[in-house]
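Lettering follows sequence order; numbering is per chain, from 1. Fair warning: this is a prediction, and the values are worked out from it, not measured in the lab.
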2 protein chains.
Amino acid sequence: MRVSRIQAEENRQTVIDVASRLFREHGFDGIGLKDLMKGAGLTQGAFYKQFQSKDDLAAQASRRALESAFGRWSAAADPQDPLGAVIAFYLSMGHRADRTDGCPVVALGSDAARQGADVKASFEAGIRKYLEMLGPWVGEADAEEPGGKAMAILSTMVGAVLLARAVNDERLSKRFLQAGAESVQRESSAGRAKQGRRK
Amino acid sequence: MRVSRIQAEENRQTVIDVASRLFREHGFDGIGLKDLMKGAGLTQGAFYKQFQSKDDLAAQASRRALESAFGRWSAAADPQDPLGAVIAFYLSMGHRADRTDGCPVVALGSDAARQGADVKASFEAGIRKYLEMLGPWVGEADAEEPGGKAMAILSTMVGAVLLARAVNDERLSKRFLQAGAESVQRESSAGRAKQGRRK
DNA sequence: ATTATCTATAGATCTATAGATAATGC
DNA sequence: ATTATCTATAGATCTATAGATAATGC
């Protein structure tokens with residue numbers, strides 16, 4: 001029954017990956033350890049050799065989910081128009097429909113607010129990375145502290161997808177995504193104009 | 001043990017009120033029927049004479065929560081500068097700290113996305129009311145369909161509070177709220193300028 | 001000898017239902 | 001007679017732990 005240390009570490013990573021997706025789909029309270037472990041091909045009994053508690057896994061899975069989402073932004077951002085490219089997939093009906101692999105801030109933001117400091121630390125680290133990436137795109141210098149324009153734009157993007165998911169009417173959802181995209185474009189081009197970098 | 005019909009109806013309303021607050025605090029999956037009923041001074045056994053299921057209560061409590069939040073907007077909105085007044089409390093550290101009585105879209109938006117059509121219908125109705133109220137404040141005519149500017153502004157407000165709650169660092173939270181407020185003011189004054197109503 | 005995973009289980013809690021009780025409503 | 005609420009419980013599920021097993025690592 002025992003497996004090698006390498007295999008055990010691989011299993012641990014698989015559990016974190018699976019949890020990062022299943023938590024986004026069902027919420028932290030919406031799925032149990034049994035189903036999380038089953039998703040990784042293991043049984044519930046193996047859990048506590050790998051993690052301290054369900055909260056511990058929630059923190060690690062949140063970190064993993066944010067990293068994965070950041071990777072998507074990096075991959076999508078083509079050099080010509082990185083913000084436009086990110087907006088195109090973030091503010092889309094595809095993203096609205098795909099909680100499992102979508103942005104964890106939207107999928108779990110309300111849940112994260114009820115969690116402990118560890119889960120919030122994972123979110124905070126991921127959110128800071130988003131802001132660092134957004135800053136230069138909207139005409140803000142690389143700075144220690146994130147800029148207000150990047151923060152407002154991220155808020156608009158997150159809010160638009162959250163609202164698009166909270167309603168039944170798909171036409172209304174589309175309008176939230178579209179309105180968000182237009183607003184972000186306005187805000188960002190105003191920023192770049194100030195720097196004399198309007199395209 | 002039996003109470004009058006009037007008392008029974010009062011009890012029902014109390015359960016809905018209590019649930020609208022406790023769901024915002026703990027999430028739909030984070031609190032059970034026993035504690036919900038205890039909050040209204042009843043026992044769990046009385047639940048199913050009043051509601052079809054927990055989902056049924058979730059839909060009714062969501063409706064109640066949105067109505068209550070809309071009431072707060074109406075109360076806060078002074079005629080001189082209604083948007084400014086709403087922003088002042090919505091994008092505040094007080095609102096960040098008070099999930100229980102705060103905006104249900106922020107407190108339960110991620111959860112609502114996982115719920116059935118009834119809960120989403122409650123959210124949709126409430127969100128449409130928010131938009132109807134916002135429209136005229138940002139220079140949009142009263143129309144059948146909500147305007148894009150109001151939708152973008154609501155997205156920014158919701159997103160800013162969601163992000164402010166998902167991080168540990170209070171300074172970062174404040175900056176999200178501040179950045180959201182400034183962005184909304186920019187967007188709305190641009191709207192009013194177009195209509196020649198700049199103050 | 002150590003240990004990663006398994007099966008089994010403790011003890012709590014969850015939603016929902018059943019039957020008893022006592023007050024209302026006719 | 002009806003019924004709003006109560007106590008009690010069914011049956012499922014939850015997190016966490018205990019002990020068995022079998023392969024690894026020394």
Side-chain angles (χ1 to χ4, degrees), chain A residues 1-62 108 111-112 114-116 118-119, chain B residues 1-62 108 111-112 114-116 118-119:
Chain A
M1 289 174 137
R2 188 185 174 186
V3 302
S4 73
R5 281 189 215 159
I6 288 165
Q7 182 60 52
E9 177 58 21
E10 252 174 53
N11 288 347
R12 216 182 73 92
Q13 297 302 327
T14 302
V15 172
I16 296 172
D17 279 335
V18 166
S20 88
R21 295 161 49 87
L22 291 180
F23 279 143
R24 275 179 277 183
E25 193 171 344
H26 300 106
F28 294 124
D29 292 335
I31 186 152
L33 298 181
K34 190 175 137 195
D35 287 329
L36 287 167
M37 294 301 277
K38 201 200 294 186
L42 299 168
T43 64
Q44 192 173 346
F47 183 84
Y48 287 91
K49 275 270 155 63
Q50 292 173 325
F51 303 97
Q52 282 196 344
S53 63
K54 191 184 180 185
D55 280 352
D56 177 28
L57 176 62
Q60 296 197 47
S62 296
L108 290 168
D111 304 68
R114 301 170 208 129
Q115 298 292 316
D118 288 354
V119 167
Chain B
M1 292 176 136
R2 185 184 176 187
V3 301
S4 73
R5 280 189 216 160
I6 289 165
Q7 182 61 50
E9 177 57 21
E10 254 175 52
N11 289 347
R12 215 180 73 92
Q13 297 301 326
T14 302
V15 172
I16 296 172
D17 279 336
V18 165
S20 87
R21 296 161 49 87
L22 292 180
F23 279 143
R24 274 179 278 182
E25 194 172 343
H26 300 106
F28 294 123
D29 291 335
I31 187 152
L33 297 181
K34 190 177 138 194
D35 288 329
L36 288 166
M37 294 302 276
K38 200 199 293 187
L42 298 168
T43 62
Q44 191 174 347
F47 183 84
Y48 287 91
K49 275 270 154 63
Q50 292 172 326
F51 303 97
Q52 283 196 342
S53 63
K54 192 184 179 186
D55 280 352
D56 178 28
L57 175 62
Q60 295 196 49
S62 296
L108 290 169
D111 304 67
R114 302 170 209 127
Q115 298 292 316
D118 287 355
V119 167

query = Under 4.0 angstrom, heavy atoms only, what part of the nucleic acid is B:Lys49 near: base, sugar-phosphate, or nothing?
reply = base
query = Hey, is the side chain of A:Gln7 poking within less than 4.0 Å of OP1 or OP2 on D:dT24, counting only N and O atoms?
reply = no
query = Start at the 5' end of DNA chain C and walk down; is the nucleotide closest to A:Gly45 or to B:Gly45 reached first?
reply = A:Gly45
ask   = B:Gly32 near the nucleic acid: base, sugar-phosphate alone, or nothing, with a heavy-atom cut-off under 4.0 Å?
value = sugar-phosphate
note = Correct closest heavy-atom pair for A:Val119 and A:Ser62 would be CG1-OG, 3.9 Å
key: Closest listed nucleotide, where the reference is the side chain of B:Val3 and the choices are C:dT15, C:dT5, D:dT5   = D:dT5
ask   = Which heavy-atom pair separates A:Phe47 from A:Ser53 by the least distance, and what is that distance?
value = CZ-O, 3.6 Å
inquiry  = For C:dA23, give the paired nucleotide (Watson-Crick: N1-N3 plus N6-O4 or O6-N4; G-U: N1-O2 and O6-N3; both under 3.5 Å), or none.
reply    = D:dT2
message = Tell me whether the side-chain N or O atoms of B:Arg2 pair up with the base of C:dT21 as donor and acceptor below 3.5 Å, since no angle test is needed here.
response = no
query = Is a side-chain donor or acceptor of B:Arg24 paired with a backbone partner of B:Ser20 at a separation under 3.5 angstrom?
reply = yes
inquiry  = Using a 4.0 Å heavy-atom cut-off, does B:Gln44 contact any base of the nucleic acid, only the sugar-phosphate backbone, or nothing at all?
reply    = base
inquiry  = By nearest atom, which of the nucleotides D:dT15, C:dA16, C:dT5 is closest to the A:Asn11 side chain?
reply    = C:dT5
task = Return the nearest nucleotide to the side chain of B:Ser4; candidates are C:dT24, D:dT5, D:dT24.
result = C:dT24
query = Atom CZ of A:Arg12 to atom C1' of C:dT5: distance rounded to whole Å?
reply = 16 Å
key: Of the listed nucleotides C:dC14, D:dT5, D:dG25, the one nearest the side chain of B:Asp35   = C:dC14
ask   = Is there a donor-acceptor pair under 3.5 Å between the side chain of A:Lys54 and the backbone N or O of A:Gly32?
value = no
query = Taking all atoms of both residues into account, what is the closest heavy-atom pair of B:Asp29 and A:His26, and its distance?
reply = OD2-O, 4.2 Å
inquiry  = Side chain of A:Tyr48 only, heavy atoms from C-beta on: which candidate in D:dA4, D:dT5, D:dT15 is closest?
reply    = D:dT15
query = In the strands shown, is C:dT15 matched to any nucleotide by a Watson-Crick or G-U wobble pair with both distances under 3.5 Å, and which?
reply = D:dA10
request  = Look at all strands and tell whether B:Thr43 reaches a base, only sugar-phosphate, or nothing, counting heavy atoms closer than 4.0 Å.
outcome  = base
task = From the options D:dT5, D:dG25, D:dA16, select the nucleotide whose nearest atom is closest to the side chain of A:Arg5.
result = D:dG25
inquiry  = Between P on D:dT17 and CG on A:Leu33, what's the gap in Å once rounded to a whole number?
reply    = 11 Å
For atom NZ of A:Lys38 and atom P of C:dC6, their distance in whole Å = 13 Å
